[in-house]
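Okay, structure first, notes after.
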Amino acid sequence: MSDRYNGKDSFEEWAKEWRLEDRYNFKSIESKWQKIWDKEKAYKVEIDKNKEKFYALVEFPYPSGAGLHVGHPRSYTALDVISRKKRMQGFNVLYPMGFDAFGLPAENYAIKTGVHPAVSTQANIKNFTRQLKSLGFSFDWDRCISTCDPEYYKWTQWMFIKFFEKGLAYKDKMAINWCPSCKVGLANEEVVNGCCERCGAQVVRKNKEQWMIAITKYADRLIKDLDSVDFIDRVKSQQINWIGRSEGAELDFGLTDKYGQVLGDKKLTVFTTRPDTAFGVTYMVLAPEHKYVAELADMFENAKDVKEYVDATAKKSDLQRTMDDSKTGVELKGIKAKNPYNGELIPVFISDYVLTGYGTGAIMAVPAHDQRDYDFAKAFDLPIIQVLDGGNILEKAFEEDGPHINSSFLNGMNKEDGMRAAIDYAVKNGFGRSKVNYKLRDWVFSRQRYWGEPIPMVYCEKCGWQPIPESELPLTLPEVPDYHPNDEGESPLSKAGDWLNTTCPKCGGHARRETDTMPNWAGSSWYFLRYCDPHNSKEFASKEALDYWMNVDWYNGGMEHTTLHLLYSRFWHKFLYDCGYVPTKEPYNKRTSHGMILAENGEKMSKSRGNVINPDDIVDAYGADTFRLYEMFIGPFDQVAMWSDESLMGVYRFVGKVYNLFKKVSDTAPSEKDLRAMHKCILEVTERIDQMRFNTAVSSLMEYVNYMSGLEKVPAELYSTLVKLLCPFTPHLSEEMWARLGNTTLVVTESWPKGDPKLAQDNVVTIAVQLCGKMRGTIEMPKDAPRIDVEQAALALENVKKQTEGKEIKKIIVVPNKICNIVV
RNA sequence: GCGAGCGUGGUGAAAUUGGUAGACACGCCAGACUUAGGAUCUGGUGCCGUGAGGUUUGAGAGUUCGAGUCUCUCCGCUCGCACCA
């Protein structure tokens, strides 16, 4: 145990050293205990069925070249505090860390420097690991994983094959979001305001063959099962919003030539949430990309205008298309649509305000009750028929509810009855059906880049797309001559020579490998499962491990992942559940989210602004404990916070105060008042950690320390309780002071103090005295004093006497131990 | 436009959920001490007023013995989605 005694043989010899030294030397203290924890594997965890488990999870970082950001430790420290406290409370705590290691930056770095992504990624992982260890997090490092490790991505590929086998992964040629700067296709979730989430370049449409995963099949369950989990509200509502479920009906409108002659079996199907307004339809609109625009082109009298408009739309970016809300379009002259409710013939237009990807890419326009249709009708001088009573449609569309008018059999009905009647009529007459639509699209899963998981599929002329046999997994990344993607959207893997050619696993004939790779969201969709059993080479995780460790009890991460990683991984997990590979329907019991840390002036920290704070510098100058404690004290955990060097100093002073307080520790017995302060602090800190109110937990500790600073001598019991309560926040300092108190155990494995509410209460209370609700003074009373005593004491106050003189006292309200309010 | 949330000192923020507003910390002011350090310690610090006192939680109203907290109206801010039929 000489490590503990700084190399000295006994406690006494070591004590000689620190009794002289009165400066808080965080450097030697922190490196000393980090070494001891490492050596004793203080945070290693195994399945232990005699203990209740607790699985705490934080989002694993992408190991960027820039290293750790001050934002990372906010989340990591918070769950480290929770994990450490749970451990001290006797739980078997799994708190793992790993690396989400595939991604574009490593590849772009390779293009610039020629360094293989695997090499730079490994170097970055090493640096991140060093940084994380320097902060004293209680991760079980034996479980560290990396998504770019073939032993890991073998299972990512295996799961992709399961998606394919179940028909949920399919290849489709479709218009996708293309980032011309990253030269890569993007999922809908990766497009923010029409721009690439990663680089900010404007996204364009590109027709490409893509692997897709049918997340929309799970849309309803992804909404419904939110009821069974404890996620903060803004996460739930954002996910529900993103999935965008809306109920309505699909209606088929017949198509005719301009004389009303029916065009064979061509039907124009639309989705609407208000089929009950069908009597107000005065025209139809197709998205310019709608297949009928090409199929019926011969019939258009103004084919040239139509083509011009279609071409012009194709050139517009999504952003341009949504920014401009003036309504443009072209009538398809030569055809008409027939309203199945009243048989009327109405004109058909194309316009870019109708989106190709939502519903059927065609709408029935009800200008009286939809502002967009209204604007279009005004621009093209089309009739507007009001079918819901109310508003003033001379000015604008009436979008609220009112009784039906001008609507034949619907007249007089409210919305609910009208909807039912309209759909019943459509079903009976065979031109419609009720239908649920989602904003959520299937997941575009192909990336035309090198540094990702190869998609384990081959194409055979005879057999089509085939998965490679399981025995060939992992399909490792081949070497390529260069990492440049090209503008045609071909992956660097298309230059991989021999690797491309293989045999078809079905017929044995020639086959060619898929050259696209998976998105970086693939590996992170199931990493929490691998942590349960990270070294298993036969399964992605054993049933025993999954049964014991799942679910994740508490998952903290950024809001920016709500409609990306968090949604994808819930979907992925549900799929594995359906296949019988995981025991639970949802992966995470509880989800919380931390606020961002901004620079001192409230701006985002960024390299270009030059205002980035490097955790290494803070640890070097003030120590990990101060850094951790400061990040917990900086403000409400779920809100944005501004970095402040001056506030950091305040916390540093506090930590020094705790260190110096040790010199006053003595064998004296604690007084009743001392115990009150102690138990109050225990109760507050315990409760506040559970509620993630870390900033107020820290202020409780500060009050407790201020109390002790006022004492001549500090009873050892008070100080050792402080050391334990501080342990989740400042584990190094706590460990050192615990040892100096003469203990030979590790404080991180000690038990959490128990607070006694009875001992925390004072037997004298201060009661506020009010006159008509206004504060007039306070009185000291024994706790739970009888009402009559309180009233008398209150009335006896000088101030009260003066102001009640000659007035009638109507009533006196006494709130026990708090308030006495006299009403005159 | 739709959805979620917020508004309290010079600053970051507390407030046991309807019961002494401003805990804790930063900053500032005054003082002490010094082997001048990123010091440390003591006291003060919402605003107006020398004072007694008055006043105060974005603005206004309401409920209540009592409102930062509940209700309504308005103003302002943040985040997410957004021509989603």
Side-chain angles (χ1 to χ4, degrees), chain A residues 23 192-194 232-242 244-246 248 270-274 277 285 287 321-327 351-355 357-366 369-373 375-376 399 437-441 559-560 562-563 595-596 621-622 630 633-636 638-654 656-657 660 683-684 687 693 695-706 709 766-778 810-824:
Chain A
R23 213 170 57 87
V192 179
N193 287 328
I232 51 171
D233 284 344
R234 53 194 173 131
V235 169
K236 282 193 186 183
S237 63
Q238 262 184 46
Q239 288 207 344
I240 291 168
N241 220 278
W242 183 260
R245 184 181 199 275
S246 50
V270 299
F271 172 74
T272 174
T273 52
R274 294 301 299 268
T277 61
V285 190
R321 218 168 138 165
T322 50
M323 289 287 278
D324 184 10
D325 54 3
S326 68
K327 298 287 180 282
S351 172
D352 65 3
Y353 85 93
V354 173
L355 307 172
Y358 184 75
T360 62
I363 61 153
M364 59 177 219
V366 187
H369 305 290
D370 181 294
Q371 193 57 43
R372 295 157 300 172
D373 296 347
D375 294 342
F376 189 86
E399 294 186 315
N437 241 317
Y438 302 93
K439 287 193 216 174
L440 184 72
R441 305 292 144 81
M559 278 309 287
E560 70 275 16
T562 301
T563 53
M596 257 204 302
Y622 303 99
Y630 173 61
F633 188 60
I634 194 167
D638 58 349
Q639 282 169 41
V640 293
M642 272 175 275
W643 185 268
S644 157
D645 284 334
E646 283 174 338
S647 294
L648 177 77
M649 274 307 297
V651 172
Y652 181 66
R653 262 178 235 148
F654 169 75
K657 225 169 171 181
N660 288 325
L683 290 167
E684 285 179 354
E687 185 184 292
R693 289 159 60 212
N695 53 332
T696 56
V698 176
S699 71
S700 285
L701 289 161
M702 286 172 167
E703 279 179 86
Y704 183 44
V705 167
N706 287 345
S709 301
T766 309
I767 294 178
V769 178
Q770 302 180 328
L771 265 179
C772 299
K774 293 211 171 190
M775 265 290 293
R776 293 298 153 183
T778 58
K810 275 197 191 146
K811 60 173 154 174
I812 302 179
I813 290 142
V814 177
V815 181
N817 303 323
K818 279 196 179 130
I819 293 275
C820 176
N821 190 10
I822 300 159
V823 186
V824 292

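Nothing here was measured: the structure is a model prediction, and the numbers come from that model. Quick note on labels: first sequence line is chain A, next is B, and so on, each numbered from 1.
- The phosphate of B:A39 has neither OP1 nor OP2 within less than 4.0 Å of any side-chain N or O from A:Arg23.
- Rounded to the nearest Å, the gap between the P atom of B:G5 and that of B:A39 is 44 Å.
- In the set B:G19, B:A85, B:A13, B:G19 carries the atom at the smallest distance from any side-chain atom of A:Ile813.
- Here B:U16 presents its P atom at 16 Å from CG of A:Leu683, a figure rounded to the nearest Å.
- Below the 3.5 angstrom threshold, one finds no donor paired with an acceptor across the side chain of A:Lys439 and the base of B:C81.
- The aromatic rings of A:Tyr358 and A:Phe271 sit perpendicular, their planes meeting at an angle over 60°, well past the 30° parallel limit.
- In terms of heavy-atom proximity, A:Cys820 sits nearest to A:Ile812 at SG-CG2, 3.7 Å.
- Between B:G19, B:C83, B:A82, one nucleotide has an atom nearer to the side chain of A:Trp242 than all others, and that is B:A82.
- Rounded to whole Å, the distance from CD1 on A:Ile822 to P on B:G19 is 20 Å.
- A:Thr766 comes within 4.0 angstrom of a nucleotide base, judged by non-hydrogen atoms across all strands.
- Between A:Lys774 and B:U55 there is a side-chain N or O to OP1 or OP2 distance below 4.0 Å.
- Nearest heavy-atom pair, A:Asn241 versus A:Lys439, reported as atom, atom and distance to 0.1 Å: O-NZ, 4.1 Å.
- Comparing atom distances between the A:Thr778 side chain and each of B:C26, B:C81, B:U20 picks out B:U20 as nearest.
- Residue A:Val354 is classed as a base contact, given a heavy-atom separation below 4.0 Å to a base.
- The phosphate of B:A15 has OP1 or OP2 within less than 4.0 Å of a side-chain N or O from A:Arg693.
- At the heavy-atom level, A:Val823 lies under 4.0 Å from the strands shown only through sugar-phosphate atoms.
- The A:Arg653 side chain lies nearest to B:U40 when the options are B:A21, B:A82, B:U40.
- Backbone-only contact: A:Asn706 has heavy atoms under 4.0 Å from sugar-phosphate atoms and none from a base.
- For the P atom pair drawn from B:U69 and B:A30, the interatomic distance equals 38 Å after rounding to whole Å.
- For A:Asn695 and A:Ser237, each mapped to the nucleotide of RNA chain B holding its nearest heavy atom, the one lying further toward the 5' end belongs to A:Ser237.
- Contact annotation for A:Asn437: no contact, since no heavy-atom pair falls under 4.0 Å across all strands.
- Comparing B:C24, B:C41, B:C83 by their nearest atom to the side chain of A:Ser699 picks out B:C24.
- Of all nucleotides listed (B:A85, B:A14, B:A25), B:A25 comes nearest to the side chain of A:Met702.
- The base of B:G38 is paired with the side chain of A:Tyr622 by a donor and an acceptor separated by under 3.5 Å.
- Minimum interatomic distance between A:Val651 and A:Tyr630 (heavy atoms only, all atoms of both residues): CG1-N, 3.8 Å.
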